[in-house]
Amino acid sequence: MPRGALIVLEGLDRSGKSTQVDRLVARLNAEGYRARLHKFPDRTTAIGQMIDAYLRSTAELDDHAIHLLFSANRWECHSAIEKDLADGITVVADRYAFSGIAFSAAKGLDFTYCLSPDTGLPLPDVTLYLTLSPETAAQRSAYGAERYENVDTQTAVRAQFAKVAEEVARWHGDGRWVEVSAEGSVEEVERDIWGAVKGVMVRVGDEPVGRLWE
Ligand code: T5A
Ligand code: NA
C-alpha cells in the first residue's frame, strides 16, 4: 500500500489557507485518496490552549517560550501524523513549522535558533505557499482580531518566509516549496493547488517520509 503524502499550506494571515485546505481534503477524497486535515496550532490540546490565549492576547509569554510551545504543539502530534502516513492516509496541514520560523524570526529571534526545535519532524512532501500582498490580506474580513494581524507584522513575516523557502531548497532540494498566487478567486486558487498536488500524489509512492532539516 502506498503511504499517504504530507501536504502543507502556508501563507500570510488571511491568504485563504483554511478555505483551501478544506477544498483540498474534499478533492483528494473525491479522487479516491483518503485524506485528513490537521491544523496548526492545534488549539484543542493543553499546549494549544496556552497558544490560543497568547494569540488572543489574554496571556503574555516570552518570545522564546511561545516559539517552543508552537513547536511542542507539532511534536505532540507527530506520531499521529506518521501513523496516518504509514496507513496510506494523506495529511493536509494548515500551517506547519515554516509559520513557526517566519513569525518568530519576524519578531527578532535568531533565524537558526528558530529552525532548531522542529528538526526531525516529518518532512512535508510539498509545501504550497499562498502569496498575497499584505494590502489585499488586510481587505479580507476580520483582519486585526488576533496578535500578528497587522500590515507591519505581515510584511516582516513575508520577508522571513522568503528565507524559509531558500532554507527548504538548501536542505531538501527543489520542488518541495511551491508558490501559489492567492490573489485570484477561491476557485482559481483551488485549481492551481490541485495542479501542484496531483503530481505529488503520484510521486510519493513508496518513498520513505523524510525528516525536516536533516
Ligand atoms: N503561528 C502559527 C505562529 O506564530 N507560529 C506557529 O508555529 C504557527 C503554526 C494563528 C497565528 O499563529 C501564528 C500565525 C498566525 O498569526 P491560524 O490559526 O492559522 O494561525 O490563523 P487563522 O486566523 O485561523 O487563519 P488566517 O488568518 O491565517 O486565515 P487563512 O486560513 O489564511 O484564510 P481563510 O481561509 O480563513 O480566509 C480569510 C478570509 O478571506 C476569504 C475567506 O472567506 C475569509 O473571509 N477568502 C477569500 N476572499 C477572496 N478571494 C479568495 N480567494 C479568498 N479565499 C479566502
Ligand atoms: Na486559518
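Basis for what follows: all heavy atoms, side chains included, without hydrogens, waters or symmetry-related copies. Indexing begins at 1, ligand by ligand and atom by atom, following the structure's order.
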- Query: Are the charged groups of Arg95 and Asp13 less than 4.0 angstrom apart, N to O?
  - Reply: yes
- Message: For Met1 versus Ala86, what's the shortest heavy-atom pair and its separation?
- Response: CE-O, 3.4 Å
Check each atom of ligand 1 against the heavy atoms of [X] and keep those under 4.0 Å away; list them by number with element.
| X | answer |
| --- | --- |
| Glu149 | 23 (O), 27 (O) |
| Ser185 | 52 (N) |
| Leu55 | 10 (C), 11 (C), 12 (O) |
| Tyr148 | 4 (O), 16 (O) |
| Gly100 | 5 (N), 6 (C), 7 (O) |
| Val186 | 51 (C), 52 (N), 53 (C), 54 (N) |

Would you please classify the geometry between the [Y] ring and the [X] ring as parallel, tilted or perpendicular, with 30° and 60° separating the classes?
| X | Y | value |
| --- | --- | --- |
| His38 | Phe40 | parallel |
| Phe103 | Tyr148 | tilted |
| His64 | Tyr113 | perpendicular |
| Trp213 | Phe98 | perpendicular |

For [atom], tell me which residue out of [options] has the closest non-hydrogen atom.
| atom | options | result |
| --- | --- | --- |
| atom 10 (C) of ligand 1 | Arg147, Arg43, Glu10, Lys39 | Arg43 |
| atom 29 (O) of ligand 1 | Glu146, His67, Arg14 | Arg14 |
| atom 43 (O) of ligand 1 | Thr153, Thr19, Leu130 | Thr19 |
| atom 48 (N) of ligand 1 | Gln139, Arg140, Arg56 | Arg140 |
| atom 31 (O) of ligand 1 | Ser104, Ser18, Ser99 | Ser18 |
| atom 5 (N) of ligand 1 | Phe70, Tyr96, Phe98 | Phe70 |

I want to know if ligand 1 touches [X] in the polar sense, i.e. an N/O pair below 3.5 angstrom.
| X | answer |
| --- | --- |
| Arg74 | yes |
| Gly16 | yes |
| Gln20 | no |

- Which residues pass the side-chain hydrogen bond (donor to acceptor under 3.5 Å, both in side chains) test with Glu179, sequence neighbours left out? none
- Determine whether the side chain, the backbone, both or neither of Arg95 has a heavy atom under 4.0 Å from any heavy atom of ligand 1. side chain
- Decide yes or no for Pro117 and Arg74: does some side-chain heavy atom of the first lie under 4.5 Å from some side-chain heavy atom of the second? no
- Query: Can you find a heavy atom in the side chain of Pro41 that is under 4.5 Å from one in the side chain of Tyr54?
  - Reply: no
- Query: With clusters built from Ile, Leu, Val, Met, Phe, Trp and Tyr whose side-chain heavy atoms come within less than 4.5 Å, directly or transitively, what are the remaining members of the cluster of Val197, listed by chain and number?
  - Reply: Ile7, Leu9, Val21, Leu24, Val25, Leu28, Tyr33, Leu37, Val92, Val126, Leu128, Leu130, Val178, Val180, Val189, Ile193, Trp194, Val200, Met201, Val204
